[in-house]
Amino acid sequence: MLIEAIDLHRVYRMGENEVHALRGVTFGIERGEFVSIIGPSGSGKSTLMHIMGCLDRPTSGSYILDGTPIEGLDDRRLSRLRNRKVGFVFQSFNLIQQLNVVENVEVPLVYMEMDRHERRERALQMLEAVGLGHRSQHRPNELSGGENQRVAIARALVTDPDLILADEPTGNLDTKTGHEIMELLKRLHEQGKTLIMVTHDLEKAKWSSRFIHMKDGKILHDFRDTDGTDIVGMFYESTMEQETQ
Amino acid sequence: MEYSESFRVGIRSIMAHKMRSLLTTLGVIFGVAAVIAMLSIGEGAKREALEQIRLLGTNNIRINAVKLTGDKAREAESKYSDGLSYKDGLLIRENIPSVRAVTPIRFIDAPVMKGNKEAAARIIGTDYLYPEVTSFRVEEGRFITPLDVSEAKRICVIGAKVKRELFGYRSPIGHRIRIGEEWFRVVGVMENKKLREGKASIIKIRDINRDIYIPITTALKRFRDEEKPLFVNEIAVQVKSAELVEPTARIIRRLLKRTHRDVQDYEIVIPAELLAQSRRTQRVFNIVMGSIAAISLLVGGIGIMNIMLASVTERTKEIGIRRALGATEQDILGQFLNETVLISATGGIIGIVLGVVMAKAINIFAGWETVIALYSVAVSFGISAMVGIIFGIYPARKAAQMDPIAALRFE
């Protein structure tokens, strides 16, 4: 199993108040899955994503990524794990504006301490793979939104991570470009990558093979796609159920 | 992250904001330039003082005649003291065993001519011990001999500049020049002493390359002062060793007090003491200048810290992104610290260049001797790098300890 989460809790202190972002989340994700996490804002899906990406630690419970429990790892080890195992794709692309496209793609490799020439070569290959080989010397602000997101995807893939974490990857894109990005992610899934996508867009969630519905820091439903399952329909059913209860 | 990478990132970041980086480091630039310029003035003054004191000789004691005026002059007259004289020199030579050599110096004011060419020169009556006492050597021909002194011969030894003025590049040996109303045969030429003509010096010294030496006896006889026939302006005393300078000076003081009947128509100058004094002055000067420079570097450092703090806030998002992509806290700390050190060290280099230019300008416009000491360059560069580290550590820590998630959300 690539991801094992056992009874995850995450409590933030906001001055006097304690905010329970996660209230006991348990699940597992196999290698090669394409999972959508859906839920309203404040449901804890972002917190869960940060823990899965080793950017945050649970207050209690255990999280195991590719056999490594993150409990007790120091900053250096956790950063290393994040660097090698996780690739992030963000809603707002999060490219460094001062760097050009290929340099942005190189950043994770810099922290891997890869040789400069090898780094450049790998980054260019990745850009080629997302169809932006010809844009490598441009600045992010000279590119369209879709192109920016492709660069971000190339950057997420460049360390050949086990896990791609996409946070609303199409949130800032128009329908057509969003569709293209989804196509790209789907292709990665088909190539065997494990993908976890946080979204509130049900249309996009349809692309995935598994669907985790979160609310109030808990998993409400966890559907697996058996051929032809209408996961959107199931989602509506589940919310109706919720409301009638 | 490797250091070379961190270095490259730092350079890029500085180059992305050239103007801001320059303004940031201005405090350090001026601080370092001030250090360099100040130290160069201090060093120049020190060298000059040292050179001049050495010229007097550190194993030497000088006794200078002092011209008395008013009541004191009348007192001297009533006590029958006729000022510093050739006899004083002879007395010192004969009675104090720790003295190696004594030579009298008598200045004579007279025009020096060769044909219709006149030389700006200073005529000095002295004896054969002069070169030994002053470590000033003859280059060509010979110096005054004991025989010249005992027979009061009309010969002279001329300084290098006098020779050039009167004879050009020809040898002057055997030729005659006119001093006042008398003809003198040139028997020697002194070596050319390289002297820097400074204005910041502690002791004024004449250009010895313009001296003309004649036997003391000739000076006393031919340029006779009717009131004080044996008067000399200076007596240079060479002591056998450095430790004996102080006790010998004491004995001379006692001796002269007796022979001059308590009249202070002379002063005793000890170059070694002047040297120590000049070193003390130098130290005070250095401390004052050092403090000023330290304050300006401190202000410069605070300026850098201020900008770096702003820069950290401005680049919060970048920090979040880098953390998400695998940067450790150490990586972020290193990146910002490195950038600060780069800025301040670059400021240091610019400051050094500016300081050297300032030192040169001071030399040209104020006429002060300035010497750029290598240690001052090394020290100020080191200090500027240190300023970077000290004032960079706080902003860099702030950047490193940022919560990556909050940083990523920052807009």
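Convention: sequence-line order gives letters A, B, ...; per-chain numbering from 1. All figures in this text were calculated on a predicted structure; none of them were measured in a lab.
Side-chain contact between B:L408 and A:L55 is present, with at least one heavy-atom pair separated by less than 4.5 Å. Within the 4.5 Å cutoff, side-chain heavy atoms of A:I96 are placed close to those of B:R322.
Atom CD1 of B:I364 has more than 12 heavy atoms from other residues, nucleotides or ligands within 6.0 Å. Under a cut-off of 6.0 angstrom, the local environment of OH in B:Y375 is crowded, with over 12 non-hydrogen atoms contributed by other residues, nucleotides or ligands. Taking a 6.0 Å sphere around CD of A:E71, one finds it holds 12 or fewer heavy atoms contributed by other residues, nucleotides or ligands. The 12-atom threshold is not exceeded at NZ of A:K218, counting heavy atoms of other residues, nucleotides or ligands nearer than 6.0 Å. The number of heavy-atom neighbours closer than 6.0 Å to CZ of A:R120, taken from other residues, nucleotides and ligands shown, is above 12. By the neighbour-count criterion of 12 heavy atoms within 6.0 Å, atom CZ of B:F7 is sparsely surrounded, having that number or fewer from other residues, nucleotides or ligands. Counting non-hydrogen atoms of other residues, nucleotides and ligands closer than 6.0 Å to CZ of A:F90 gives a total above 12. Counting heavy-atom neighbours within 6.0 Å of A:H200 NE2, excluding the residue itself, gives a total of 12 or less.
With a 4.5 Å cut-off on non-hydrogen atoms, A:M114 touches chain B through its backbone but not through its side chain. With a 4.5 Å cut-off on non-hydrogen atoms, A:R77 does not touch chain B at all. Of the two parts of A:L78, neither the backbone nor the side chain holds a non-hydrogen atom closer than 4.5 Å to a non-hydrogen atom of chain B. Interface remark: A:S92 contributes side-chain atoms only to the contact with chain B (heavy atom separation under 4.5 Å). Of the atoms belonging to A:R155, it is side-chain heavy atoms, and not backbone ones, that fall under 4.5 Å from chain B.
Under the 3.5 Å distance criterion, the side-chain polar atoms of A:R82 are matched with a main-chain donor or acceptor of B:R323.
Across B:L325 and A:Y111, no two heavy atoms sit closer than the pair O-CD1, 4.4 Å. Of all the heavy atoms in A:S79 and B:A327, the pair that sits closest is OG-O, 3.5 Å. What you find for B:I405 and A:H50 is that their closest heavy atoms are CG2-CE1, 3.4 Å.
Ranked by heavy-atom pairs under 4.5 Å with chain A, the first of B:R315, B:Q330, B:K317 is B:K317.
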field: Worked check of salt bridge (Lys or Arg N to Asp or Glu O under 4.0 Å) between A:E103 and B:R12
entry: CA-CA 12 Å; A:E103 286 164 344; B:R12 281 192 78 119; 2.5 Å; yes
